[in-house]
Engineer: 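Here it is, the structure in full.
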Amino acid sequence: MSIIVQLMLLFLIVCAIAVCVTRDLLTSVVIYMAYSMIMSIVWITMQSPDLAITEAAVGAGITSLLLFLALKKIHAIDARNEVRRKHAEKQRGGEQHGEEE
Amino acid sequence: MHFVQNFPFFCILLTLICAVVTSVLKGRPARWLTMSLITVVTAMTVCVLGYTLATGDSYVYMMGHFPAPWGNEIRIGVIEALMMTVFCFVTLFSFIGGMVPSIREIEKTKYNIYCILVDLVFLALQALVYTNDIFTAYVFIEINTLAAAGLVMMRQKGRNLVAGVRYMIMNLVGSSLFLLGISILYTITGHLLMANIHEGVAALAESGEYQIPLTIVVALVTVGLSLKSALYPFEKWLPGAYSNATPTVAAMLSSLVSKGYIFLLIKFYVRVIGFDIICSLGVLDVLFVFGVLGMIMGSVSAVRAKTTRLMIAYSSVAQIGYIFTALGLRSEIGIVCALWHSAAHAATKSMLFVSCAEMDDACGGTHLRKHLRGAFYHSPLLALAFSLGALNLTGVPLLSVFMTKITLTQAAIEVGGRHMGIVLGAVAISTLLNAVYFLGTAMTLFIPTKEGDEVLPPTVRKNPFTTVGLVGLMALNLAMGLFSQPFLSALAEGLTRFA
Amino acid sequence: MAKKNKKSRWIDRMNGWLSDEQGALEREMEAAQEQAAAPDIEKLSPAELRWAQEEQEEEKRIEAAMHTWTEKKALPFARALYNLLCVGICVTMIALLLYTVTTLPAFGDPNHPINNEVSARYIEKGLQETGAVNIVTGMILDYRAFDTLGESSVLFTAAMVVLFLLRKDKDSARYSQLAQTMDQNPHSDTYYEPKNDIILQKTATILVPIVLLLGVYVVLNGHLSPGGGFSGGAIMGAGLILYVTAFGFDKMRRFFTYKTYQRVVLVALLTYAISKCYSFYTGANHIESIIPLGTPGAILSSGLILVLNICVGFIVACTMYCFYAVFRKGEL
Amino acid sequence: MQYLLVNYEQTAAVILFCIGFSTMLLHKNLLKKIIGMDIMDAGIFLFLACQGFIKGRVAPIVENGVQDVEAYINPVPAGLVLTGIVVSVSVTALMLALTVRLYYRYHTLNLDEMIALAGKEEV
């Protein structure tokens, strides 16, 4: 039994270091989701089922969902800026043509 | 069970209920509800103060059906009642004083959230002052942090949001350290209520086991709470938060939020760990060094500050340095001086922030110090309030901060040796620097503007709220200045029963 | 007849006061705010004129700075010092804490200092005194109820600040510009109404009832089995979020708008605070509280704990859904 | 040193706390700081819940009337951690809302860039 708990704790530490190291935000959010899923299983082995349900529903569920939503919002804003930047280039391109002619 | 003893509990519940009800109200009812709430709570706290002064002893109020180590409880004594009365008056007058700028700067449809957050900061302050349970203190620290971060971002400008992020990150690190500290403390003593932890710690001190975790706990809690109350090395978040906020928010943050954490730290030292054990651990010397550094460095950066609000924000760093220096002097008088200065600083700083912010707006709102020239001639009350605060902070006799410097030097002389020299030098230097930047600005207010130089024409809007708020704050300051001796003796006598 | 319209006049005045109509003084102050919100140039005082121009310049400067900033970095020296300091602090932290762990009592041994008379009483008399079979819920909602009251107000504070930051309501003049850029642009997230993709909707019609039922079960059995207000509320919140993602906000607004959110949280938090106020007052003044504890094991058994669990369940469910909707769409 | 391996749960909790703490301090990206804060909080809660565990005892839910202390583990840390988890969720929600608002404004997640940009703005 304690082997499984040791493995899970090792996995938690590896997840924590992985979040520290990864460049891409999306992978760090997914790693965090796995982290809190394994944490709720550790609570079960700690004989405290209350915490397991709360950590699973609140930690893995809502927190990860909000992290995904924040990322989605940021990518949406990036998309909007791309449109605006292309629009600005097109205008600047138009003016150069105007000046050249 | 005297009926007055229920009042602190009623105040806490009333504040929570008003905070919840304000979420459905609109702008104006929310304002009037918050104002009436704070007046009612102030009245109740004055009654509690009368009762505790009459009995002279602190009593324990059980929150629930179960006595001490099982259920929660709050403990009310002379010191808690005294400090809470000053904080209530400061909240009331700074809320009224900063009413008009808050209406102008905060979005009309989101004004009730501003009132909710003011209620919640007030609720968290009461719980921090009264609580006798260490984990309840952590929960209400979190409420204090979230509500204060929300208040910092009230004007929704770029600078406020960045100040809010920096405020949140630094304070979250502080509260996580505090939580880890009380987890280890709970592990080695087995109790969560301050009285029982004290017995556990005393037993540990004799038996000599778990000495290392005890020192680690004291270190973690001290770093956590001093990080949250902006002691010198950790005050990077303070100038941005205080100088960009609306006047009421800046006043409440500088005088109430940080004083709640300092009061909790004093309670942790005196009641949870016991003052003699703390002196033996030597953490007070670290506080002493950082306090002295804060006093000097805060005043230096205040001299360099361009805008008036930034100057006052840096001067709060200096004043918090005073409080921690007084704490670090390892003597009873030091603690009395720390408590006294947190009350005096709360009253003065809120007056400074409210009057300075509205004088800025009256003088064209560019926040620069040189544009305050001749402010006395078009808004005399604001200039008077600002100069009274300036005189007070530089330590003019007959006013409250002068008494701090007296008791600080008294405590230093009693400790003697290196401490005395450093304290006297630091007090002298910071008073000198205070005079340079505060009296300098105060004097520009009274110099009439010549035709030649470019000064923005004043836009003056007289309204009853500012006058009531500022007159109240000036009266509070003068009262604390004149009646400082009975206040100090009540604090000293209350301290014996505080443990 | 006279009595009726005296009463109705009083009600009209109360409704007027409640719906924030202007008193004499407030009207003058509100006028100041309207002037700031919708400035027409002649009436502006020089300060407000400068503020308005300043806002436009800020927008343009940030637009320009957006592309040029990436090359310039903060002072390399300050950055290196900050990193070195932080690494130093973290290393000393790890060393100190690991050392303290070695001195702490061993993991899982019975004579640990915290297994003292406090936890003994919770276990032995917990059932009789609180009526809750699940001792942890009994401890949270009855022995140490003041913490959990504070903790629900932490959730309430966070919800209010998130609403303050992200919610864009139509009639707020200041943020109409932000709202427009968000709504018209097809790339912006709030523009997206979930196209009714059949797979998600079919699974949602099956899953959402089960998830909501599980949430209700966990809330109602909080004092009998593991669970309680917080976890049950989060599960119900997840059910609502699944429904919204599948069927879109218009279907959701039929029964869940910002008004219902406000009212539900108001009623739940008020019942929570008042019932706790009753039990604290009776406890402190040693008055016998009249709430029956019922037979342990039955659903309607442990006095106030069931009511509190339901209130907390509602608060957490509505707050979790509100977080999702405000992040996703900007309004509930 | 070998004592660390005996108490491996608490050691793991302390290591998690320190990794979260260093992630929060060292990374400039705001989202990384938020995830680091969550890891730090989870580390503290693991440390707190480890204290309550007693070997060979069951979760504190009274079964068929058995109510003596030797049968159940200590319920107090479980209650504290439950409160802590909901506190860390509300703090995360607030920080994420702030990050989204700041990204509208400054189009960057890097805290140093934000501070520099805000510094240049008018008061």
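Not measured: the values here are computed from a predicted model. FYI, side chains are in, hydrogens and waters are out, and symmetry mates aren't considered; it's all heavy atoms of this structure. So that the names make sense, note that chain A is the first sequence line, chain B the second, and so on, each numbered from 1.
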Engineer: Under 4.5 Å heavy-atom distance to chain C, tell me which part of D/I73 shows up: side chain, backbone, both or neither.
Structural biologist: backbone
Engineer: In the structure I gave you, are the side-chain heavy atoms of D/V76 and C/I114 within less than 4.5 Å of one another anywhere?
Structural biologist: no
Engineer: Between D/R101 and C/L165, what is the shortest heavy-atom contact and its length?
Structural biologist: NH1-O, 2.7 Å
Engineer: For the pair D/L80 and C/R144, evaluate side-chain contact (heavy atoms from CB on, under 4.5 Å) and give the outcome as yes or no after the intermediate values.
Structural biologist: CA-CA 10 Å; D/L80 304 184; C/R144 298 183 59 84; 4.3 Å; yes
Engineer: Applying salt bridge (Lys or Arg N to Asp or Glu O under 4.0 Å), which residue pairs with at least one partner in residues 129-141 of chain C are found, sequence neighbours left out?
Structural biologist: C/R121-C/E129
Engineer: Looking at C/T319, C/L155, C/I123, which has the largest count of heavy-atom pairs under 4.5 Å with chain D?
Structural biologist: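 Of the options given, most contacts go to C/I123.
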Engineer: Do the non-hydrogen side-chain atoms of C/V154 and D/V86 ever get within less than 4.5 Å of each other?
Structural biologist: no
Engineer: Once you measure the plane-to-plane angle for C/F107 and D/Y8, does it fall in the parallel (<30°), tilted (30-60°) or perpendicular (>60°) bin?
Structural biologist: tilted
Engineer: Which pair of heavy atoms, one from C/S119 and one from D/N74, lies closest together, and at what distance?
Structural biologist: CB-OD1, 3.2 Å
Engineer: Under the side-chain contact (heavy atoms from CB on, under 4.5 Å) criterion, do C/D109 and D/I54 qualify, and how do the steps go?
Structural biologist: CA-CA 6 Å; C/D109 72 336; D/I54 301 164; over 6 Å; no
Engineer: Search all heavy atoms of C/C90 against all heavy atoms of D/F21 and return the closest pair with its distance.
Structural biologist: SG-CD2, 4.0 Å
Engineer: Counting heavy-atom pairs closer than 4.5 Å to chain C, which one of D/C50, D/S22, D/A13, D/A78 comes out on top?
Structural biologist: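 Heavy-atom pair counts peak at D/C50.
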Engineer: Can you give me the closest heavy-atom contact between D/L94 and C/A158, atom names plus distance?
Structural biologist: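 Scanning both residues, the minimum pair turns out to be CD1-CA, 4.4 Å.
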Engineer: Run the side-chain contact (heavy atoms from CB on, under 4.5 Å) check on C/I140 and D/L82 step by step: do they pass?
Structural biologist: CA-CA 9 Å; C/I140 287 176; D/L82 198 67; 3.1 Å; yes
Engineer: If I compare all heavy atoms of D/P75 with all of C/Y122, which pair ends up nearest, and what's the gap?
Structural biologist: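 For D/P75 versus C/Y122, the nearest heavy atoms are CG-CB, 4.1 Å.
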Engineer: Between D/I61 and C/V133, is the side-chain contact (heavy atoms from CB on, under 4.5 Å) condition met? List the steps.
Structural biologist: CA-CA 6 Å; D/I61 294 156; C/V133 174; 4.0 Å; yes
Engineer: Counting only heavy atoms not in C/Y261, do more than 12 sit closer than 6.0 Å to its OH atom?
Structural biologist: yes
Engineer: Decide yes or no for D/R57 and C/P110: does some side-chain heavy atom of the first lie under 4.5 Å from some side-chain heavy atom of the second?
Structural biologist: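 Yes, side chains in contact.
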Engineer: What part of D/V14 gets within 4.5 angstrom of chain C, counting heavy atoms only: side chain, backbone, both, or neither?
Structural biologist: side chain
Engineer: Is the shortest heavy-atom distance from the side chain of C/L166 to the side chain of D/V100 under 4.5 Å?
Structural biologist: yes
Engineer: Would you mind checking which part of D/I85 comes under 4.5 Å of any heavy atom in chain C, side chain (CB onward), backbone (N, CA, C, O), both or neither?
Structural biologist: neither
Engineer: Which heavy-atom pair separates D/A97 from C/V162 by the least distance, and what is that distance?
Structural biologist: CB-CG2, 4.0 Å
Engineer: Only pairs of heavy atoms separated by less than 4.5 Å count here; which of C/I94, C/V87, C/V118 has the most with chain D?
Structural biologist: C/I94
Engineer: Is there any residue in residues 224-238 of chain C with a non-hydrogen atom under 4.5 Å from a non-hydrogen atom of chain D, and which ones are they?
Structural biologist: C/L224, C/P226, C/F230
